[in-house]
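Just so you know, these numbers use all the heavy atoms, side chains as well, and skip hydrogens, waters and symmetry mates.
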Amino acid sequence: MYTMGNFHRRKPNDRARQIVTTIIGIVIGFFIGISIPSASLNKINIPSNIITSLDVAITDIHGSTSTSPKTESLENVGSTTVPKIHVPTNPRGAESLPPGIVVPESDLYLRRLWGDPNEDLQKKPKYLVTFTVGIDQRNNINAAVKKFSEDFMIMLFHYDGHTSEWDQFEWSKRAIHISVRKQTKWWYAKRFLHPNVVSAFEYIFIWDEDLGVEHFKGDKYIELVKKHGLEISQPGLEPNNGLTWEMTKRRGDREVHMDTEEKPGWCNDPHLPPCAAFVEIMAPVFSREAWRCVWHLIQNDLVHGWGLDFALRRCVEPAHEKIGVVDSQWIVHQVIPSLGSQGQSEDGKAPWEGVRARCKNEWAEFQSRLTNADKAYVAQFGKE
């Protein structure tokens, strides 16, 4: 029979036993805990906030000896694992990047904000059509756009600031719109049609807004351009409307032509402009390869592009066989001086007069620059 005294004498031993048992339990639990990989928690249906807490706790216990998969993925992109890279053949500025991650070209394809990027594009347009437009010509542009199939992407350059009004046309909601007031198509082309941006397209159309297209179909035009190997081309022009050069006049007895006869004394060589190797800047169409060269010919400050048509032959060889006019797909130049109204009246002259004067001055300046560049090249390398 235990007395009160006996009970008090045995109590310290019970406490010691409890302490030892607790310590042993903690040790056993510790070793069991570290023997379970933290990744296995992901296989159990546990709320994410609990998994995160457990993952952090186990990582703290493991210290530097082990890391969770998430930590490993972060460490893989850390500065300590980046190799020293220098690839001289990479694009300028990207020499420190591994070639496998470098994307030197862009595109104009529209993409979603959700879903798998590989599923964004149900169809990739193969050709690009650009128009430089004002809202007054929207019905004419609407008629023109209908001549191009889904293989053509439409891009509008707005020189008058009106863009939302174009949404009355369903196709406009899928088009690309760029709006900068009082600028020309060559100003836009130089800044927004860099060859590395439009490289996804086989052909690039850079057209005015005042073209009648009743006798034109985009798919048929491309078919003929490919058939005849034209790198730079334009549709034939109706002879009775807005014709400047004989070369661009439509001929009714053939699919394409590549030369013509001009006024006496205009062509010293039958293979040179304006008798051959020549199209106007009104409605040119460029192959991807030709555009890569032509883009570099465009001067930043000579925005009207006058004189450019005489220099296009420098971008293809032989030019008199690669530049031509497609006669069986022809257009009408409506001669609407809409861009002229975007000028400014000076010295009592109408706005269009100032625009026309600058066009002529730019032509002379472009010819001067090209001639001087030729001379500088010949002087530097001693070539004739």
So do [Y] and [X] actually touch side chain to side chain, heavy atoms under 4.5 Å?
X	Y	result
Leu128	Trp291	no
His271	Asp259	no
Lys217	Gln329	yes
Leu237	Ile331	yes
His320	Leu272	no
Ile232	Val294	yes
Pro235	Arg250	no
Ile222	Phe152	yes

[atom1] ([X]) with more than 12 external heavy atoms under 6.0 Å:
X	atom1	answer
Arg356	CZ	no
Lys226	NZ	yes
Glu165	CD	yes
Glu95	CD	yes

Residues that His228 engages under ring pair (Phe, Tyr, Trp, His ring centres under 6.0 Å), provided they are two or more places apart: none
In Å and rounded to the nearest 0.5 Å, what is the [atom1] to [atom2] distance from [X] to [Y]?
X	Y	atom1	atom2	answer
Lys190	Asp301	NZ	CG	10.5 Å
Ile176	Leu110	CD1	CG	5.0 Å
Asp253	Ser328	CG	OG	11.0 Å
Phe286	Leu193	CZ	CG	10.5 Å
Tyr188	Thr132	OH	OG1	7.0 Å
Lys322	Glu289	NZ	CD	10.5 Å

Is a side-chain donor or acceptor of [X] paired with a backbone partner of [Y] at a separation under 3.5 angstrom?
X	Y	answer
Glu362	His304	yes
Arg292	His296	no
Thr130	Phe205	yes
Glu365	Trp363	no
Tyr221	Trp330	no
Asn90	Leu97	yes
Lys185	Met282	yes
Ser368	Ala364	no
Trp166	Ala175	no
Trp207	Phe131	no

So which heavy atom on [X] is nearest to which on [Y], and how close?
X	Y	result
Asp208	Ile281	OD1-O, 4.4 Å
Pro284	Gln234	CA-CB, 4.5 Å
Cys315	Ala290	CB-O, 4.2 Å
Val325	Met247	CG2-O, 3.4 Å
Leu211	Asn140	O-ND2, 3.3 Å
Asp160	Ile135	OD2-N, 2.7 Å

Checking side-chain polar atoms at under 3.5 Å, does [X] have a donor or acceptor matched by the opposite partner on [Y]?
X	Y	result
Arg138	Gln168	yes
His177	Ser172	yes
Thr260	Glu246	no
Trp306	Asn361	no

Take Ile336 and Asp136, measure what side chain to side chain contact (heavy atoms under 4.5 Å, CB included) needs, and give me the verdict at the end. CA-CA 11 Å; Ile336 300 174; Asp136 290 341; over 6 Å; no
In sequence, state the C-alpha distance, the side-chain angles, and the governing distance for Val198 and Met155, and then conclude on side chain to side chain contact (heavy atoms under 4.5 Å, CB included). CA-CA 12 Å; Val198 299; Met155 189 174 194; over 6 Å; no
Cationic N near anionic O, under 4.0 Å, [X] to [Y]:
X	Y	answer
Glu223	Lys220	yes
Lys249	Asp327	no
Glu105	Arg288	no

Begin from the C-alpha positions of Leu121 and Arg111 and carry the test side chain to side chain contact (heavy atoms under 4.5 Å, CB included) through to its verdict. CA-CA 7 Å; Leu121 305 175; Arg111 295 187 174 273; 3.7 Å; yes
Side chain to side chain contact (heavy atoms under 4.5 Å, CB included) between Phe157 and Gln183, intermediate numbers included: CA-CA 9 Å; Phe157 298 130; Gln183 300 302 322; over 6 Å; no
Please answer: with hydrophobic residues joined when any side-chain heavy atoms are less than 4.5 Å apart, are Val82 and Val87 in the same cluster? no
hydrophobic_cluster_shared for Val332 and Val213, side chain cutoff 4.5 Å: no
Partner of Phe148 by ring pair (Phe, Tyr, Trp, His ring centres under 6.0 Å), out of Tyr203, Tyr127, Phe216: Phe216
Suppose we call two aromatic rings close when their centres sit under 6.0 Å apart. Are Trp245 and Phe310 close by that rule? yes
